[in-house]
Amino acid sequence: ASGVQVADEVCRIFYDMKVRKCSTPEEVKKRKKAVIFCLSPDKKCIIVEEGKEILVGDVGVTVTDPFKHFVQMLPEKDCRYALYDASFETKESKKEELMFFLWAPEQAPLKSKMIYASSKDAIKKKFQGIKHECQANGPEDLNRACIAEKLGGSLVVAFEGCPV
């Protein structure tokens, strides 16, 4: 709707996160657990935000709580898109599924909120097969209970190794 393009790198990262091919332990460590996307300075393209990612290999090494770390990477006063590879447990099984986030905090400028909201379809069209989507307007929307609700409601018993 806004005419914003999606950078090829964004699509490549989504594909790599979505397709879990059998890989060596070294390759698994390089897989992205979370990645944040932003608009380019000219507001014409959705790009990968430099340095805003968590690798699977970081978890338990430099990152103790990947979800908390992910939330802290989001800017306080601007909007972002993000992909998060959520690990959770239901009463029956352990699962890993991608979640798509639109982060639009209350303090973000109105213009930013409008362009991110109107560009959401462009990025979502590139992310075929995402089951879970979350729009968050503040840190209170990003607590484990809210996320568990999005992933399967009362069926979810744990998220990222913590009981819900």
Side-chain angles (χ1 to χ4, degrees), residues 1-63 65-88 95-139 141-142 146-147 150-151 159-160:
S2 66
V4 168
Q5 301 298 305
V6 179
D8 291 344
E9 188 188 2
V10 171
C11 301
R12 198 167 43 251
I13 286 173
F14 166 69
Y15 181 79
D16 289 347
M17 286 176 78
K18 183 176 134 176
V19 179
R20 293 173 207 285
K21 45 192 181 288
C22 296
S23 23
T24 66
E26 278 311 303
E27 288 171 328
V28 169
K29 283 182 187 163
K30 291 186 185 129
R31 188 184 297 147
K32 291 176 184 2
K33 174 80 177 156
V35 64
I36 295 176
F37 308 106
C38 61
L39 286 169
S40 57
D42 65 3
K43 307 274 187 264
K44 289 191 164 86
C45 192
I46 297 169
I47 58 172
V48 177
E49 188 168 4
E50 200 60 44
K52 297 288 186 166
E53 63 179 29
I54 301 171
L55 300 178
V56 171
D58 297 339
V59 179
V61 182
T62 55
V63 176
D65 182 335
F67 190 71
K68 188 173 169 193
H69 190 84
F70 163 70
V71 172
Q72 289 168 343
M73 289 190 326
L74 294 165
E76 215 175 290
K77 295 183 168 80
D78 205 359
C79 303
R80 290 294 184 269
Y81 303 111
L83 278 175
Y84 187 84
D85 193 358
S87 303
F88 61 102
K95 295 183 175 187
E96 283 186 37
E97 292 179 358
L98 285 181
M99 290 188 80
F100 172 73
F101 287 90
L102 168 55
W103 170 249
E106 301 292 335
Q107 301 98 310
L110 183 61
K111 192 172 180 187
S112 181
K113 287 184 197 176
M114 286 171 64
I115 194 163
Y116 272 85
S118 63
S119 306
K120 187 175 94 171
D121 279 352
I123 192 169
K124 279 206 53 199
K125 278 190 182 105
K126 302 285 184 184
F127 292 173
Q128 293 293 315
I130 291 251
K131 291 184 195 161
H132 309 288
E133 183 182 329
C134 178
Q135 178 168 339
N137 301 89
D141 296 335
L142 292 174
C146 290
I147 301 305
K150 300 257 188 249
L151 289 169
F159 173 67
E160 295 299 342

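Everything numeric in this text was worked out from a predicted model, so none of it was measured.
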Please give me the minimum heavy-atom distance between Leu55 and Lys30, naming the atom from each residue.
CD2-O, 3.4 Å
Straight-line distance of Ile36 CD1 to Tyr81 OH, nearest 0.5 Å
13.5 Å
Indicate the ring-plane relationship of Phe100 and Phe127, choosing parallel, tilted or perpendicular according to the 30° and 60° boundaries.
perpendicular
Might you confirm whether atom NZ of Lys126 has over 12 heavy atoms from other residues, nucleotides or ligands at distances under 6.0 Å?
no
Would you say CD of Glu49 has more than 12 non-hydrogen atoms from neighbouring residues, nucleotides or ligands within 6.0 angstrom?
yes
Only one of Pro105, Pro75, Cys79 passes side-chain contact (heavy atoms from CB on, under 4.5 Å) with Ser112, and that residue is Cys79
Rounded to the nearest 0.5 Å, how far does OH of Tyr84 lie from CG of Leu142?
11.0 Å
Test log, rule side-chain contact (heavy atoms from CB on, under 4.5 Å), inputs Trp103 and Asp141:
CA-CA 10 Å; Trp103 170 249; Asp141 296 335; over 6 Å; no
If we ignore angles and hydrogens, is there a donor and acceptor under 3.5 Å between the side chains of Lys43 and Ser119?
no
Minimum heavy-atom distance between Cys45 and Asp42, given as atom pair plus value:
N-OD1, 4.2 Å
Measuring from Cys11:SG to Gln128:CD, what's the distance to the nearest 0.5 Å?
10.5 Å
Closest heavy-atom pair and its distance - Val4, Leu39:
CG1-CD2, 3.8 Å
The criterion is ring pair (Phe, Tyr, Trp, His ring centres under 6.0 Å); which residues satisfy it with Phe88, sequence neighbours excluded?
none
Pairwise distance NZ(Lys44) to CD1(Ile115) - rounded to 0.5 angstrom
9.5 Å
Any sub-3.5 Å donor-acceptor pair from Lys52's side-chain atoms to Met73's backbone N or O?
yes
What verdict does the side-chain contact (heavy atoms from CB on, under 4.5 Å) test give for Ile46 and Cys38, after you've listed the backbone C-alpha separation in whole Å, the side-chain angles of each residue and the deciding distance to 0.1 Å?
CA-CA 6 Å; Ile46 297 169; Cys38 61; over 6 Å; no
Which heavy-atom pair separates Ala117 from Leu102 by the least distance, and what is that distance?
CA-CD2, 4.5 Å
Please report the closest heavy-atom contact between Cys134 and Ile147, naming both atoms and the distance.
SG-CD1, 4.3 Å
Can you spot which of Val35, Asp65, Ile54, Asp85 makes a side-chain contact (heavy atoms from CB on, under 4.5 Å) with Phe70?
Ile54
Test log, rule side-chain contact (heavy atoms from CB on, under 4.5 Å), inputs Leu151 and Met99:
CA-CA 8 Å; Leu151 289 169; Met99 290 188 80; 3.8 Å; yes
side-chain contact (heavy atoms from CB on, under 4.5 Å) evaluation trace for Ile130 with Phe14
CA-CA 10 Å; Ile130 291 251; Phe14 166 69; 3.6 Å; yes
Hey, is Glu9 close enough to Arg12 for a salt bridge, meaning N to O under 4.0 Å?
no
Looking at Glu96, I'd like to know if its CD atom is crowded, meaning that more than 12 non-hydrogen atoms belonging to other residues, nucleotides or ligands lie closer than 6.0 Å.
yes
Is there a side-chain contact between Lys18 and Leu98, using heavy atoms and a 4.5 Å cut-off?
yes
Looking at Glu53, His69, Glu160, which hits side-chain hydrogen bond (donor to acceptor under 3.5 Å, both in side chains) with Lys33?
Glu160
Which residue pairs satisfy the side-chain hydrogen bond (donor to acceptor under 3.5 Å, both in side chains) criterion with at least one member in residues 129-139, sequence neighbours excluded?
Glu97-Lys131, Glu97-His132, Lys120-Glu133, Lys124-Glu133
Just to verify, what does Gln72 make a side-chain contact (heavy atoms from CB on, under 4.5 Å) with, not counting sequence neighbours?
Lys68
